[in-house]
Amino acid sequence: MIAAPLSVGFLPLIDAAPLIVAHEMGFAAEESLALDLRRAPSWSSVRDMLSFGRVEAAHMLAPVPVAAALGLGGAGTPLSAVSVLGVNGTVIGVSNALAARLRDHGHDFAFNDARAAGEALIAVAVQPLRLGVPFPFSMHAELLYYWLSALGLPAPQSVEIRTVPPSLMADAMQAGEIDAFCVGEPWGSIAVENGVGTLLLPGRAIWRFAPEKVLAVRSNWAEAEPDLLGRLIRTVWRAGRWLAEPGAPTLAAELLSRREYLDLPAEILDRALNGRLVISSHGGERHVPGFVEFHHAAATFPWRSQAEWIGQQLAARTGLDRPTAARAARAVFCSDLYRAALAPTRAALPGASSKIEGALSEETAVVSTSGRLFLGPDSFFDGRIFEPSAQ
Amino acid sequence: MSASLSIVVVEPDRVRASLIVDSLRDAGSYDIHVISEPTGLARKIHALNPDVVLIDVESPSRDTLEELALASGPLDRPVAMFVDRDGEGLTDTAIEAGVSAYVVDGMKPQRVKPIMDAAIARFRMFQRMRTELAETKRALEERKMIDRAKGMLMKARGIDEDEAYALLRKTAMDQGKRVADVAAALVTAAGLLG
């Protein structure tokens, strides 16, 4: 069988790993796919490459296809998230000046307590706090708004948001344009490495199971090419499973460091993949198990409730009708297509397609199609839960 | 309302920026500003309050413009990526040529078209120049590689330059390869053998 060519857009980030691994480790070839990975310079660019048919699939910020379904940004082409690519994998960093004030205030940089870190940040920051996020529709923005608002600093209203592409985040901090950022790895570590910032929290300290990136396709392509789509979903699932094996992250760091992918030293990429982050240029390592997740706890399952959570946050901010937004958002995360694609494999699939987001503070066994499946933890730092609407 | 649309061109390269401005001036009477520094881009654009923003598709600063789609104040004019709904494929053509346009809410497509046409033509030229430059560089590198291989053969076999080249060409023909590839293989092998 001749491998079918399939072009996929990606941004140079740690969580492009499943796509790069799928190509380099032969998982794509096993499904007779020849992936043509195309690196894009910005999120709007990768979205447009997908919308205008320059690529068939893309590594995408989870909120982008949801925003498109709500008529926010983009070219009006309906997009579908057919799999989650990675859960978490982001960091919040502060400028060195702000880090010094936090230390004077007595903050310990324990890197695991979102409440303590957030309260200290609000106490010492010169208002308005200038925050860098990679894209207006991103989990980075959502996590920052959720976190600060829950701690009494209504965001984005009371802060200044600057959109800065990931690879330019360290430069923006050096130029004094921003006081803090939330960005996907390795770009937080690059800021540390360049001596311009200190890491304050991993994104997962705010939401333990935030769907960070998805595998997005044009909805009409998904309908027209069910066979190719199924092969792509299975390929990415196998790459994610491989990434969860002991020892795989170190090898993955080497693959990702190549010039055509991230073009950065493997040692820096290894930090996120192995969950050992250096938080400041003085050293200081923090161990964060599960910093980024590609497989465990059904990480790549596109929960309709995750899409609805994103849709509700966007609707609340832009004044859209909430029930309509919830319906539109749910349809974007295609748990049905994901299920159909993985049915022939031994993947343990959850029995439901929606869950109460934030309800699990520990790993919990749930009903699945094949034996036992463990989900969670997926809690928010403030203990709130999000109950999706009845279908 | 003023008939003259205001355009902001985001382009760090001075030469390219002035070429774009020239072609826009040829296309009509516009009020044109160039922003060459990506820092504070959203703020600068907000201050200029243009009708159209033109930016290289490849520019990472483009993401900053997406922020303008969410303009919140009552006097703000939300800006969105220009998408032609007439099925002319103008947006598609523009992206292929390497330029994207952001326009304010409510702008009539026919007012944007001449601007897009001019920008597309100009960006196509940039693409051609980039391809030509890459080709020239490659040809130069191949020429250097062939010269080195010839030098090695002349020294190793005591032959003159023409004979060395003839040998390279014959080997290439026998193996169905390009002369430059055979030369590169020879240079690499020689490097490995020390």
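To find a chain, count down the sequence lines: A is the first, B the second, and so on, and within it residues start at 1.
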| request: Evaluate the side-chain proximity of A:R54 to B:D92: yes if any heavy-atom separation is below 4.5 Å, no if none is. | output: yes
| field | Non-hydrogen atoms of B:P60 and A:L168 that approach each other most closely | value | CB-CD1, 4.1 Å
| note | Closest heavy-atom pair, B:E66 versus A:S44, reported as atoms and distance to 0.1 Å, is OE2-CB, 3.4 Å
| query | Between atom OG of A:S51 and atom CD1 of B:I95, what is the distance when rounded to the nearest 0.5 Å? | reply | 8.0 Å
| Side chain, backbone, both or neither: which part of B:S100 has a heavy atom under 4.5 Å from chain A? | neither
| More than 12 heavy atoms of other groups within 6.0 Å of B:M125 CE | yes
| task | Mind checking side-chain contact (heavy atoms from CB on, under 4.5 Å) for B:V99 and listing every partner two or more places apart, or none if nothing turns up? | result | B:L54, B:A94, B:A119, B:I120, B:F123
| query | Could you give the distance from CZ (A:F52) to CD (B:E96), rounded to the nearest 0.5 Å? | reply | 12.0 Å
Listed pairs under 3.5 Å, donor-acceptor, residues 145-153 of chain B side chains, sequence neighbours left out:
{"from": "B:K150", "atom 1": "NZ", "to": "B:E161", "atom 2": "OE2", "distance (Å)": "3.0"}

| field | Side chain, backbone, both or neither of A:P166 within contact of chain B (heavy atoms, under 4.5 Å) | value | neither
| field | A:D48 side chain reached by B:R62 side chain, heavy atoms, under 4.5 Å | value | yes
| field | Backbone N/O of A:P165 and side chain of B:D63: donor-acceptor pair under 3.5 Å | value | no
